[in-house]
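Below is one structure, written out as structure tokens; the observations come after it.
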Amino acid sequence: MASGMKILFLNGPNLNLLGQREPGVYGSTTLPEVEAKVRARATQLKVGVEFRQSNLEGELVTWIQQARGNFDVIVLNAAAYTHTSIALRDAISSVGIPTIEIHLSNIHAREDFRHRSLIAPVCQGQITGFGPYSYILAVEASVNVNETQDSPRKQGKSS
Ligand code: CA2
């Protein structure tokens, strides 16, 4: 049952500009509007959500570390750090919380340097190319992952 589970949404550099620049690539929906859509779906599914954005790699690493014991699933749009960050990859692999990689655009249909994700091998899966709907799909995937895996937060609970 999804009730009681908590998802941490993390957004990387420049995603605070969503809806304000380059609408041809990333659409016209702002990040607060994406958050509102996520919250609406999460409410329907009775799951808790925390939604954050940072332009700083180290802050994202710290948030991933601090998620231990507090969240059941992490949903991560690491933005450009997807393609560069060994630090984020190490944080994900060490925290022991299932993590879902998401992107607004289809990174495989763009420049070659976006095709490689350093975090994909340590993530549960990747959702890419559905615009803001990638975030909604991630809520649903999180519920499914939580129902099919034992997470550290669930250990010791009866359901
Ligand atoms: O498609 C995605 O969600 C990306 O993670 C977005 C990143 C990009 O580096 C990844 O390859 C794919 C870029 C986020 C920057 O967002 C902006 C939004 C509006 C205007 C400018 C940048």
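Quick caveat: nothing in here was measured; it's all calculated off a predicted structure. Read the numbers this way: they start at 1 and go in the same order the structure lists the ligands and their atoms.
The closest side-chain donor-acceptor pair between Y26 and N14, if any, does not fall under 3.5 angstrom. Residues N55 and E57 have side chains that never bring a donor and an acceptor to within less than 3.5 angstrom of each other. Donor-acceptor pairing under 3.5 Å is recorded for the side chains of Q124 and Q149.
For R114, every heavy-atom contact with ligand 1 shorter than 4.0 Å involves the side chain, none the backbone. Under 4.0 Å from ligand 1, not a single heavy atom of T128 appears.
The protein heavy-atom contact nearest to atom 1 (O) of ligand 1 is S105 OG, 2.5 Å. Of all protein heavy atoms, the one closest to atom 3 (O) of ligand 1 is L104 N, 2.7 Å. Protein heavy atom closest to atom 4 (C) of ligand 1, with residue, atom name and distance, is H103 ND1, 3.7 Å. Distance from atom 21 (C) of ligand 1 to its nearest protein heavy atom, with residue and atom name: E22 OE2, 3.6 Å. Looking from atom 16 (O) of ligand 1 to the surrounding protein, the closest heavy atom is N14 O, 3.5 Å. The protein heavy atom nearest to atom 11 (O) of ligand 1 is H83 NE2, 2.7 Å. Looking from atom 19 (C) of ligand 1 to the surrounding protein, the closest heavy atom is R21 O, 3.4 Å. In terms of protein heavy-atom proximity, atom 22 (C) of ligand 1 is closest to Y26 CE1, 3.9 Å.
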Candidate pair I102 and L76, rule side-chain contact (heavy atoms from CB on, under 4.5 Å), full reasoning: CA-CA 6 Å; I102 66 166; L76 175 61; over 6 Å; no
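Counting the atoms of ligand 1 from 1 in the order shown, those under 4.0 Å from a heavy atom of A80 are 9 (O). Of all atoms in ligand 1, numbered sequentially from 1 with element shown, those under 4.0 Å from a heavy atom of L15 are 14 (C), 16 (O).
Open room surrounds CZ on R116; 12 or fewer heavy atoms of other groups in view lie less than 6.0 Å from it.
Assignment of N77 to the shell around ligand 1 is supported, since a heavy atom sits closer than 4.0 Å.
Summarising the geometry of I7 relative to F71, their closest heavy-atom pair is C-CD2, 3.7 Å, with the distance given to 0.1 Å.
In terms of modelled atom types and a separation under 3.5 Å, the side chain of T148 and the main chain of V145 share a donor-acceptor contact. Checked by atom type and distance alone, the side chain of Q53 pairs as donor or acceptor with a backbone atom of G12 at under 3.5 Å.
Each of Q126, H115, H103 was evaluated against H108; a single residue qualifies, Q126, per the side-chain hydrogen bond (donor to acceptor under 3.5 Å, both in side chains) test.
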